[in-house]
J.: 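Below is a structure I'd like to ask you about.
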Amino acid sequence: MFREQMRGGTAPVARSGRLVYLRGMSTTFSHLIGGAFAPGTRHFDVIDPATGEAFATCPDASREQVDAAMDAAARAFAGTWSRDEALRRRTLAHMSEVLAAKAEEIGRIVSQEQGKPLANATGEVKGAAATLKMYADEPIPREVLRDDAKGHMVLVRRPLGVTAAITPWNFPVYTLVAKLGPALLVGNTVVAKPSPYTPLSSLALAAAVKDVVPAGVLNVLGGSNEVGAWLTAHPTVRKISFTGSVPTGKAIAKVAADDLKKVTLELGGNDPAIVLPDVDPKTVASKLFWGAFSNSGQVCVAIKRLYVHEDVYQPVLAALGDVARSVKLGPGLEAGTQLGPINNKPQFERVKELVADAKRNGGKVAVGGEPLARPGYFYPPTLVTDVGEGVRLVDEEQFGTALPVIPYRDLDDAFAQANRTHYGLGGSVWTSDVRKGEELAERLECGVAWVNQHMNLPATAPFGGVKWSGIGRENGRWGIEEFCELQVVNASRV
Ligand code: NAD
């Protein structure tokens with residue numbers, strides 16, 4: 001039907017979507033398909049986690065709209081986009097400028113739909129803008145493999161085609177841009193679908209860049225999990241770049257196998273941090289705290305299990321408790337808030353249940369442990385002791401404001417526990433002997449191993465996990481490779 005409309009010269013989509021209300025402003029959210037806004041035929045509510053109430057609606061893409069977005073992306077790929085590197089670099093630079101200019105506006109949307117403090121939300125959008133600029137300037141490798149009297153052989157990178165980009169709710173803008181930068185740089189076109197918990201900032205991003213991206217190169221659809229499944233199964237898609245949970249990642253890998261689509265899977269983590277006895281507890285406590293509780297613990301590479309040598313266990317626990325009690329938990333849009341609510345009700349219930357389960361299994365709550373008596377999904381930073389392997393809070397990814405703090409005596413045993421998991425995203429070692437820390441960090445089975453820090457990683461370094469934490473890498477030149485096919489062009493001179 002979409003093709004018929006196009007042939008008939010009718011605009012394929014209406015110019016505007018449904019009017020929804022954000023606190024303090026009215027905004028329209030639509031899909032972006034083929035360079036035009038497309039209104040939803042059905043909608044779902046977007047909940048403000050600070051109130052638990054719906055504050056906006058999001059268009060939920062239909063199958064026809066998914067097909068239309070795929071057609072638009074395929075047409076754009078077949079056009080000049082995949083062959084015109086200068087256009088792509090200009091486009092990425094323009095996207096970066098537009099996003100930077102809209103950082104406050106889109107940051108407010110991130111804060112309200114995700115829950116994080118406004119300054120962090122705005123910072124996320126600014127970081128995304130800087131990342132787009134970084135990709136605008138990244139080289140696309142072209143290697144001469146042979147150059148002699150007989151022949152000239154060059155290794156080039158070709159784009160893969162239409163990419164499905166599917167993102168979670170913890171860093172909605174940054175995770176999207178981390179895919180768009182490398183995908184677009186090398187000439188792919190994209191159909192993106194954000195999480196139904198945080199869809200509006202991605203639709204706002206799409207609206208912001210609509211006039212600087214050639215039609216069809218970037219299509220963004222609001223939608224439920226079902227829409228994500230439609231995207232990943234779609235025959236037009238040649239590459240799936242997914243960030244989200246392990247179960248969804250596994251489901252996507254199975255679907256991708258049927259059509260041999262390439263996948264990058266950035267999945268969950270259960271990062272261990274191992275604290276050696278030579279640390280100064282007060283010095284490390286603040287860093288450990290923010291390594292675990294930034295973004296209210298909703299970071300794939302947050303510290304999720306803390307192993308502390310018994311010699312410093314009590315002072316480290318006490319210092320962590322001091323930080324936890326001093327932090328201001330509140331709505332993201334309220335001045336002074338340092339930690340926002342948990343993003344959504346199922347996740348809020350999960351954090352509560354993991355702490356309750358720990359208590360049923362002998363765990364003790366040192367700090368926190370009860371949700372705030374107010375509307376919304378506020379769960380304070382919580383430290384749980386007297387738990388170990390076999391307790392869900394230790395074995396599973398909590399993705400929220402509860403941290404098990406586990407004493408150890410023997411370092412080898414601590415590493416064995418740290419590695420005895422299906423996960424392998426990040427990990428860290430904390431010691432005053434940095435060289436020893438670096439040596440020990442290599443024993444962690446994970447994609448990024450830190451010493452005396454956690455989470456900190458520039459967009460130029462490869463990021464990704466081992467085991468169930470994922471397949472492939474994002475960021476920098478390694479991330480670019482994930483969106484390319486190698487091609488050898490082998491010419492004979494004789
Ligand atoms: P999720 O897997 O539930 O959803 C992620 C996205 O997948 C959403 O857009 C969702 O609509 C879509 N989706 C759901 N089912 C689908 C299906 N069958 N086919 C296609 N798409 C589908 O994850 P979430 O709860 O939004 O995110 C939290 C998880 O993401 C945590 O486990 C966290 O660790 C992980 N995460 C990982 C990274 C990383 O880079 N490794 C970064 C952020 C978050």
Side-chain angles (χ1 to χ4, degrees), residues 44 46 49 58 60-61 66 113-116 124 164-179 191-203 220-234 237 240-256 258 261 263-271 294-304 342-351 396-400 421-426 446-448 455 457 459 461-475 479 482:
F44 56 86
V46 182
C58 177
D60 191 7
V66 170
E113 67 178 359
Q114 203 286 327
K116 68 184 69 183
E124 180 183 335
I166 299 180
T167 46
W169 45 259
N170 54 344
F171 291 92
V173 172
Y174 193 82
T175 41
L176 175 59
V177 159
K179 300 179 187 320
V191 179
K193 191 208 80 71
S195 165
Y197 292 114
T198 54
L200 304 179
S201 50
S202 296
L203 295 177
V220 182
L221 303 173
S224 59
N225 296 349
E226 185 183 37
V227 175
W230 292 341
L231 252 57
T232 54
H234 203 284
V237 168
I240 302 167
S241 179
F242 172 75
T243 301
S245 66
V246 170
T248 308
K250 288 182 179 179
I252 287 175
K254 285 180 191 149
V255 169
D258 276 345
K261 299 182 201 303
V263 291
T264 302
L265 302 174
E266 294 289 353
L267 308 180
N270 193 6
D271 289 13
S294 288
N295 211 40
S296 294
Q298 302 160 121
V299 184
C300 49
V301 281
I303 296 172
K304 291 174 182 149
I342 300 293
N343 170 257
N344 58 73
K345 189 148 197 304
Q347 190 61 29
F348 178 60
E349 296 299 333
R350 177 173 165 75
V351 174
E396 299 180 17
E397 181 188 33
Q398 65 276 51
F399 214 61
T421 167
H422 284 300
Y423 293 98
L425 198 52
C446 58
V448 186
M455 255 190 232
L457 199 69
F463 174 71
V466 306
K467 300 190 259 185
W468 286 5
S469 288
I471 294 176
R473 291 292 181 270
E474 276 191 331
N475 292 353
E482 300 269 333

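Remember, it's 1-based here, ligands and their atoms both numbered in the order they're listed.
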J.: How far is atom 28 (C) of ligand 1 from its nearest protein heavy atom, and which residue and atom name does that atom have?
T.: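 For this ligand atom, the closest protein heavy atom is Phe399 CE2, 3.7 Å.
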J.: Just to be sure I read this right, does ligand 1 sit under 4.0 Å from the backbone of Ile166, its side chain, both, or neither, counting only heavy atoms?
T.: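 The answer is the side chain.
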J.: Protein heavy atoms: any of them under 4.0 Å from atom 21 (N) of ligand 1?
T.: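 Within 4.0 Å: yes, protein heavy atom nearby.
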J.: Atom 36 (N) of ligand 1: which protein heavy atom is closest, and how many Å away?
T.: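 Result for atom 36 (N) of ligand 1: Cys300 CB, 3.6 Å.
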J.: Mark yes or no for whether Ser296, through its side chain, and Gln298, through its backbone, hold a donor-acceptor pair below 3.5 Å.
T.: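 Not at all, since once roles are kept as given, no pair shorter than 3.5 Å links the two residues.
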J.: Against heavy atoms of Asn170, which atoms of ligand 1 measure under 4.0 Å?
T.: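 Once the distances to Asn170 are compared, the set is 43 (C), 44 (C).
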J.: Where the side chain of Glu397 meets the backbone of Asn270, is there a donor-acceptor pair that is under 3.5 Å apart?
T.: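 Checking the backbone N and O of Asn270 against the side chain of Glu397, no donor-acceptor pair under 3.5 Å is found.
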J.: What heavy-atom pair brings Ala253 and Leu265 nearest, and what distance separates the two atoms?
T.: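 Scanning both residues, the minimum pair turns out to be CB-CD1, 4.1 Å.
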J.: Is there a donor-acceptor contact under 3.5 Å from the side chain of Lys261 to the main chain of Ile240?
T.: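 No, the answer is negative, given that no donor and acceptor are paired below the 3.5 Å cut-off.
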J.: Thr175 versus ligand 1: do any nitrogen or oxygen atoms come within less than 3.5 Å of each other?
T.: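 No: no nitrogen or oxygen of Thr175 is under 3.5 Å from one in ligand 1.
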J.: Can you name the salt bridge (charged side-chain N to carboxylate O under 4.0 Å, His left out) partners of Glu396, sequence neighbours left out?
T.: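 Once residues adjacent in sequence are excluded, the partners of Glu396 under the salt bridge (charged side-chain N to carboxylate O under 4.0 Å, His left out) criterion are Arg350, Arg392.
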J.: Taking only residues two or more places apart in sequence or in another chain, which ones pass side chain to side chain contact (heavy atoms under 4.5 Å, CB included) with Thr198?
T.: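 Applying side chain to side chain contact (heavy atoms under 4.5 Å, CB included) to Thr198 gives Glu113, Gln114, Trp169, Pro172, Ser195, Asn343.
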J.: If you count the atoms of ligand 1 from 1 in the order shown, which ones are under 4.0 Å from a heavy atom of Pro194?
T.: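 Taking each heavy atom of Pro194 in turn, ligand 1 has 9 (O) under 4.0 Å.
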J.: Check for a donor-acceptor pair, side chain of Glu482 on one end and backbone N or O of Glu474 on the other, with a separation under 3.5 Å.
T.: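 Not at all, since once roles are kept as given, no pair shorter than 3.5 Å links the two residues.
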J.: Nearest 0.5 Å please: distance from the CD1 atom of Ile252 over to the CD1 atom of Ile166.
T.: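 The distance works out to 4.5 Å.
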J.: Could you identify the single nearest non-hydrogen protein atom to atom 18 (N) of ligand 1 and state the distance to 0.1 Å?
T.: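 In this structure, atom 18 (N) of ligand 1 has Ala229 CB, 4.1 Å as its nearest protein heavy atom.
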J.: Give the numbers and elements of all ligand 1 atoms closer than 4.0 Å to a heavy atom of Leu425.
T.: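 Matching atoms, with element in brackets: 41 (N).
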J.: Which residue owns the protein heavy atom closest to atom 8 (C) of ligand 1, what's the atom, and how far is it?
T.: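 Looking only at protein heavy atoms, the one closest to atom 8 (C) of ligand 1 is Thr167 O, 3.3 Å.
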J.: Under 3.5 Å, is there a donor-acceptor pair between the side chain of Asp271 and the main chain of Gly426?
T.: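 Such a contact is found between Asp271 side chain and Gly426 backbone.
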J.: Below 4.0 Å from ligand 1: does a non-hydrogen atom of Ser195 turn up there or not?
T.: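 Yes, Ser195 has heavy atoms under 4.0 Å from ligand 1.
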J.: Of all heavy-atom pairs between Leu176 and Ala192, which one has the smallest distance, and what is that distance?
T.: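 The pair with the smallest heavy-atom distance is CD1-CB, 3.6 Å.
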J.: When you compare ligand 1 with Leu267, is there at least one nitrogen or oxygen pair between them that comes in under 3.5 angstrom?
T.: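 Yes: some nitrogen or oxygen of Leu267 is under 3.5 Å from one in ligand 1.
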J.: Report the part of Phe463 in contact with ligand 1, treating N, CA, C, O as backbone and CB onward as side chain, heavy atoms under 4.0 Å; options are side chain, backbone, both, neither.
T.: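 It is the side chain that touches ligand 1; the backbone stays farther off.
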J.: For atom 32 (O) of ligand 1, which protein heavy atom lies nearest, and how many Å away is it?
T.: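 I find the closest protein heavy atom is Glu397 OE1, 2.7 Å.
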J.: Which protein heavy atom lies closest to atom 15 (N) of ligand 1, and at what distance to 0.1 Å?
T.: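 Result: Thr248 CG2, 3.4 Å.
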J.: When you look for heavy atoms under 4.0 Å from ligand 1, do you find them on the side chain of Phe242, its backbone, both, or neither?
T.: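 Contact part for Phe242 vs ligand 1: side chain (C-beta onward).
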J.: Can you report which non-hydrogen protein atom sits closest to atom 11 (O) of ligand 1, along with the distance?
T.: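 Going by distance alone, atom 11 (O) of ligand 1 is nearest to Asn225 OD1, 2.7 Å.
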J.: Return the closest protein heavy atom for atom 27 (O) of ligand 1 as residue, atom name and distance.
T.: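 For atom 27 (O) of ligand 1, the nearest protein heavy atom comes out as Pro168 CB, 3.3 Å.
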J.: Using atom types as modelled and distance alone, determine if a side-chain donor or acceptor of Ser469 lies under 3.5 Å from a backbone N or O of Gly268.
T.: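 Yes; at least one donor-acceptor contact below 3.5 Å.
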J.: What atoms of ligand 1 come closer than 4.0 angstrom to any heavy atom of Ile252?
T.: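 Checking each atom against Ile252, I get 19 (N), 20 (C).
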J.: If every non-hydrogen atom of Phe399 is compared with every non-hydrogen atom of Lys304, which pair is closest and at what distance?
T.: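 Nearest heavy atoms, Phe399 then Lys304: CD1-NZ, 3.8 Å.
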J.: Between Gln347 (side chain) and Ile342 (backbone), is there a donor-acceptor pair under 3.5 Å?
T.: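 A pair under 3.5 Å: no.
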J.: Taking only heavy atoms of Pro196 into account, list the atoms of ligand 1 that are under 4.0 Å away from them.
T.: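 That gives atoms 11 (O) of ligand 1.
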J.: Looking only at distances, can you tell me whether any N or O atom of Ser245, backbone or side chain, sits closer than 3.5 Å to an N or O atom of ligand 1?
T.: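 So ligand 1 has an N or O lying under 3.5 Å from an N or O of Ser245.
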